[in-house]
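Read the structure below first, then the notes.
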Amino acid sequence: MASDFAIIIPARFASQRFPGKPLAALRGAGGQVRSLIQRSWDAAQAIAGSARTWVATDDERIAEAVQSFGGQVVLTPESCRNGTERCAAALDVLGDIAPIIVNLQGDAPLTPDFVVRDLVTALEADADAVMTTPAVRCSETLYRHLVADQKQGRVGGTTIVFNSALTALYFSKRVIPYISETVVDAHRHVHLHLGVYAYRPDALRAYAATPPSSIEQLEGLEQLRFLETGQRIRVVPFDPIEWDCIELNNPEDIPAIEEVLRQRGMR
């Protein structure tokens, strides 16, 4: 696979569900506390190295936090509506930094390094795809977490359905597909979409130049703009990962993430 890729971590302070989320404190194994954005930076640095990683933000508080632990920051406009637009805006400042850009969402510090590397490999091999993104078959515990969020009216993780050609059909903040409670091993039929994407720079720029789509706005999922404009998203499927890759969507997710950090010995 190519080693020439860069990671951009989009981060904003004004999250509707969890204001100030990038600065939320997460306690790791041994009691060490680091902010969400620092743990996301650490995850990215382990994959691409600090010289190939940037945090893209419009908020000075986040920028100062990143600089305090030695991270690279690129300031982007407040008008960016989502992480993909923010990655495109970062490229406007940084220029041609790499032939493949990875968007590692700033609320996904548990993303495994091999997921990112496999996304880059898949994008290189598929000339028809504008981007690649992962689909992780749910473990039983992760499935229960998603269903519990849905039953309690919380917007939790995103799920994805795709066809046999590994083309994404739809993404939703609901648990899809619908599964009757009588189905045995229901979790095996549901795939979690992790908040990480690999794009070619031209696809990023074209995305930013396209108005938001209707389904994208209804679901609040940026990747649906690609699907609604007829572009192919190549899915990279994974069997259940050794740990539950829970994203920090709500304050209630913090204990579950901290438990994974503890189990994995991540300080």
Side-chain angles (χ1 to χ4, degrees), residues 2-16 19-24 35-109 111 113 116-117 119-120 123-124 129-133 194-213 216 220-226 229 231 233:
S3 58
D4 195 7
F5 66 96
I7 294 180
I8 297 176
I9 305 171
R12 66 190 180 102
F13 194 90
S15 168
Q16 290 185 341
K21 180 170 67 171
L23 303 183
S35 66
L36 172 62
I37 193 61
Q38 183 171 1
R39 292 195 178 276
S40 298
W41 170 269
D42 291 344
Q45 184 174 244
I47 303 164
S50 58
R52 307 292 283 171
T53 302
W54 286 264
V55 172
T57 187
D58 60 2
D59 192 277
E60 289 292 344
R61 290 162 290 188
I62 295 173
E64 289 173 5
V66 173
Q67 290 165 345
S68 73
F69 58 72
Q72 293 191 121
V73 178
V74 54
L75 292 176
T76 50
E78 191 175 338
S79 58
C80 294
R81 286 166 287 212
N82 56 50
T84 299
E85 287 191 3
R86 198 167 300 283
C87 286
L91 286 190
D92 290 341
V93 177
L94 298 172
D96 295 326
I97 53 175
I100 292 178
I101 304 299
V102 172
N103 171 352
L104 182 66
Q105 301 280 17
D107 56 8
T111 303
D113 58 355
V116 173
R117 298 185 188 282
L119 291 184
V120 173
L123 185 58
E124 284 194 313
V130 295
M131 59 182 280
T132 53
T133 199
L194 298 184
V196 56
Y197 311 92
Y199 328 85
R200 295 184 177 90
D202 286 348
L204 265 178
R205 295 186 179 103
Y207 177 95
T210 303
S213 69
E216 169 195 359
L221 292 173
E222 63 208 79
Q223 63 270 37
L224 291 172
R225 192 182 309 181
F226 287 103
T229 53
Q231 300 182 76
I233 298 177

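As a basis for the values below, the full set of heavy atoms in this structure was taken, side chains included, without hydrogen atoms, waters or symmetry mates. Everything numeric here is computed off the predicted structure, so don't read it as measured data.
Evaluation of the salt bridge (Lys or Arg N to Asp or Glu O under 4.0 Å) test over residues 64-84, restricted to residues two or more places apart or in two chains, returns Arg81-Glu85.
For Gln231, the side-chain contact (heavy atoms from CB on, under 4.5 Å) partners at least two apart in sequence or on another chain are Val130, Phe226, Thr229. Residues passing the side chain to side chain donor-acceptor pair (under 3.5 Å) test with Thr133, sequence neighbours excluded: His193. With sequence neighbours excluded, no residue forms a side-chain contact (heavy atoms from CB on, under 4.5 Å) with Pro19. Qualifying side-chain contact (heavy atoms from CB on, under 4.5 Å) partners for Arg205, counting only residues two or more places apart in sequence or in other chains: Leu91, Asp96, Pro201, Asp202. Partners of Gln72 according to the side-chain contact (heavy atoms from CB on, under 4.5 Å) rule, which considers only residues two or more places apart in sequence or in another chain, are Trp41, Trp54.
Contact check for Val116 versus Phe5: side-chain heavy atoms found under the 4.5 Å cut-off. Glu60 places a side-chain heavy atom less than 4.5 Å from the side chain of Leu75. Put simply, the side chain of Pro109 reaches to within 4.5 Å of the side chain of Leu36, judged on heavy atoms. Proximity of Arg86 to Asn103: side-chain heavy atoms (C-beta onward) are nowhere separated by under 4.5 Å. For the pair Gln105/Pro10, a side-chain contact is recorded, criterion being any heavy-atom separation below 4.5 Å from C-beta on. Residues Ile100 and Asp4 have side chains not in contact (no heavy-atom distance under 4.5 Å, counting atoms from C-beta outward).
Here the CG atom belonging to Asn82 is positioned 9.0 Å from the CZ atom belonging to Arg12, to the nearest 0.5 angstrom. Distance CG/Leu119 to CD/Glu124: 12.0 Å, rounded to 0.5 Å. One distance of note links OH of Tyr197 with CG of Leu104; it measures 11.0 Å at 0.5 Å rounding. Distance check: Leu123 CG to Thr132 OG1 gives 4.5 Å after rounding to the nearest 0.5 Å. Here the CE-OG1 distance, from Met131 to Thr84, works out to 6.0 Å after rounding to the nearest 0.5 Å.
Summarising the geometry of Cys87 relative to Ile8, their closest heavy-atom pair is SG-CG2, 3.7 Å, with the distance given to 0.1 Å. Gln223 and Ile233 make their closest contact through O-CD1, 3.7 Å (heavy atoms, listed as atom of the first residue, atom of the second, distance). Nearest heavy atom pair, residue Asp59 against residue Thr57, reads N-OG1, 3.1 Å. When all heavy atoms of Glu216 and Tyr207 are compared, the closest pair comes out as OE2-OH, 3.5 Å. Listed here is the closest heavy atom pair of Arg52 and Ala98: NH2-CB, 3.5 Å. Leu23 and Phe13 make their closest contact through CD1-CE1, 3.8 Å (heavy atoms, listed as atom of the first residue, atom of the second, distance).
Of the residues listed (Val73, Val102, Val55), the one engaging Ile9 in a side-chain contact (heavy atoms from CB on, under 4.5 Å) is Val55, and it is the only one.
Remark: the backbone N or O of Ala208 is not paired with any side-chain donor or acceptor of Arg225 at under 3.5 angstrom.
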